[in-house]
Amino acid sequence: MTEPSGETAPEAPEDVEPAEDVREGTGTTAGETDAAERSGEASEEPAGDAGETPEEPAEDAGGSGETFEEPAEGAGDAGETPGKPAGDADAPGPSEAQAELAAQRELRARIEARKAEKDGPVAAGAKLSGTAADLFAAVRAVEGGAARGGSFYEAAEPAPRPSAPEPAPAAAPRPPVPERATAPAPATTAAVREVLARGGAPEALAGPVAAALGEGAAAVLLDDPWQLLAVAGVRPEQADGFARALLGSDCGPGDPRRTVALTVWLLERAALQGHTAQEVGTVRAGLAAHSVPDPEEAVETAVSEGAVHLFQEEREAPEETEEESEESGGGADETGESGEEPPALLGLDRYALAEESLAEGLARLVRTATADAWEGSELERAAGAHGLVLHTGGEASRAEPVALAAAARERGLRTLVAVHSDGGRSALGAAGTEAVTVAALLSGAAGPGRDGEGALALDLLAVLDAPQLDVETAATLVESLPDGCRLVLSGDPEVLGAPGAGRVFADVLAARVCPRIASRVPDPGPLGELVSGIGAGELNQVEAPGKEIVIVPVRDAGEAVHRTVQLVADSVPRAIGVPPERTQVVTVGHGGSAGTRALNAALKQRLNPGPGRFGGYDPGDRVAYAPVPGRTVTGTVLSADAEGLRLRCGDDEVLVPKERVESALRHGWALTAHQAAGARWPAVVAVLPGDAAGGLSRAWVYTAFGRAERHLSVVHGVEQALARAVAEGAAPERTTRLRPLLEALLAAPGE
């Protein structure tokens, strides 16, 4: 491997946060790329339906200017294309994503019923997808004069107009709903529109507000204007302006309605970074930053009203030996090893419910499995004797749980292998024909049927790519397994975490409540050697006689984009034999001069130029589609009709409804590492522009470089930041509760 270049790269702007977001942001059309480039943002946006993960949303997230672009007059759009394909006259059946959401809602409803003593979910925590195109001008107006912090009482200024909502994670699954969500009643929307007009907010927010707050949305807003924060993308200063316009002198920065809504909003933002809870001190600091005069009282009010939950995990003191007791000067420290009580945490109902349900479900599997003596590999012996087994290793180790599943079938057990993506199925070769995706399994689109209680007809389930499981998906999956079923979670603990909230695989590993089998199968070839070294904290020089690894030094972001396009369109096909459609570009974030927007715009212009006739897309465009929050699949645009865009994703044809194109779709020649996790391509071009240095971590580099099967090109403009990230760059920790919950339920005495 060529030594990374020491070329000088431009410094990142001070306001840039290049770390990846916990979930993806809104969809981006070709026409918005120039504006995004000019913004200079290198960080990812808060995620929603684009299906990804992880970073603190920028303060101007609501004003990104992303709109569902209308085609030029006469060009047609996704809803106006004539010539609907034959056979589509009848209304289509539910899509895989719709069926999946319905299945999750039904299962989660049963979970909630078992925890009926808990307070109900917080309405203010709900979010929704989609933005209004005509809010673009309003957003810019807000950015030019929004009130902030101490200027709360400057009533002479016009009330800021809340920006268009950005897509965000869907609310926790609820009881079954029709396959397509029912739109708010016209009367409800009309009443909300009237209230918004009185407060100076864009009327186009009426639909999202009505959907978020329900039938009595207008009355809710009149009583508590800060409930406007329930709409994703609305910022506190915008909600403050709206409240001031409605309430006048009757509101202030310490208004309990304001402080409760802000507390919920802070926890929702934390969930975008993967946290299922936050330390009380962190939340208080966030409230103080938004001019709340008494953050401690504000937190107490939010807890007393049931908007958030307060948790204080108990930690048992470890037993000391006589020598340790003498050295410490007395008996065991009752506060635990560190001498401090675990910090108090605040969390939202949806994540608290999911973590508690998951912990109870895993404990149930452990306790109900019948131990049996199986012959075979270490993994097979562990699976025979235990209800829950963890398996770790790189890409080559995926063959081991597949072999376990085959052996279990020979024993007459009902067995299934589940993966994170269709790409994960393809990587299994012939064995992939019998594997299913977790999404398809939960939706009922694949896998065994369910019994009357909703349990899957399985005796053993092996889940590959387990680090990609967020806590809500994992809870739904475990709740679906019958008593006595064996669960094997397999994956590489070095990759980036789940795009949704939680760190399920890492928490279960850390809890030490079940067997953990580490694979000894190394990843082959120069790429395997390089990635294995990165996992150990070393960026090694690797011999690559077949051009498996190529370093391409660049001086600035503009050169990075130019060289990336050249590699994908010319160099890699000519030298390696991998065509552009089989080469994937991976970069750090969506924004910035070499983020996914800029790269996708340049790649589209070279590989599939067109006017973006259908909401910014043309037939032949590569896209990244999020059928449900937290899951990204790649595909190609086939056509458009009155119902929306039709894509080819793997072997399937997928319809993206017209109303979801903006929120659930991006161009997909370039992805972030979080979007790419769980999939592999014959060739990968990893782009590291200078302004991305602050967003690098060992996990990011490991994940991005590990997506390549045959060839990796590294467009390198971060100087020594790459080596430092590999040696020292730990990914930000996520605050979760699953580990102590598991330890309390399953830890053996004395552990």
Side-chain angles (χ1 to χ4, degrees), residues 61-63 122-128 132 135 138-139 141-143 145-166 168 184 187-269 286-287 289-294 297-298 301-302 305-308:
V122 183
K127 290 191 175 184
L128 54 123
L135 290 183
V139 169
V142 168
E143 291 178 341
R148 299 183 61 89
S151 63
F152 184 91
Y153 286 106
E154 296 176 5
E157 294 294 328
R161 295 171 65 82
S163 65
E166 294 187 7
T188 300
T189 304
V192 170
R193 186 178 295 111
E194 181 180 346
V195 175
L196 292 173
R198 288 173 56 184
E203 294 185 6
L205 280 175
V209 171
L213 301 182
E215 184 177 351
V220 170
L221 279 184
L222 286 171
D223 180 64
D224 182 358
W226 288 280
Q227 288 299 306
L228 196 65
L229 288 171
V231 177
V234 175
R235 303 195 302 273
E237 60 268 24
Q238 297 165 341
D240 288 343
F242 178 69
R244 186 171 57 243
L246 286 181
L247 304 178
S249 60
D250 291 337
C251 68
D255 191 305
R257 295 169 292 185
R258 178 178 188 261
T259 63
V260 170
L262 278 175
T263 303
V264 172
W265 181 80
L266 288 170
L267 292 175
E268 288 285 6
R269 282 170 65 89
L287 291 170
H290 288 284
S291 302
V292 173
D294 191 342
E297 181 183 359
T301 300
E305 292 189 5
V308 301

Please name the pair of heavy atoms, one in [X] and one in [Y], separated by the smallest distance, quoted to 0.1 Å.
{"X": "Thr259", "Y": "Pro256", "answer": "OG1-O, 3.0 Å"}
{"X": "Trp226", "Y": "Leu247", "answer": "CZ3-CD1, 4.1 Å"}
{"X": "Gly199", "Y": "Ala245", "answer": "O-CB, 3.6 Å"}
{"X": "Leu196", "Y": "Glu203", "answer": "CD1-O, 4.3 Å"}

| field | Listed partners of Arg257 passing side chain to side chain donor-acceptor pair (under 3.5 Å), at least two apart | value | Asp255

Check residues 204-212 and write down every donor-acceptor pair under 3.5 Å in which the side-chain atom is one partner and the other belongs to a residue at least two apart or another chain.
none

| query | Quick one: CG on Leu229 to CZ on Arg269, what's the gap to the nearest 0.5 Å? | reply | 10.5 Å

Are any of the side-chain heavy atoms of [X] and [Y] separated by less than 4.5 Å?
{"X": "Phe242", "Y": "Leu221", "result": "yes"}
{"X": "Thr263", "Y": "Thr301", "result": "no"}
{"X": "Val292", "Y": "Arg258", "result": "yes"}
{"X": "His290", "Y": "Asp240", "result": "no"}

| field | side-chain contact (heavy atoms from CB on, under 4.5 Å) involving Ala191 - partner list, sequence neighbours excluded | value | Ala218

| side chain to side chain donor-acceptor pair (under 3.5 Å) contacts touching residues 212-225 (sequence neighbours left out) | Asp224-Gln227

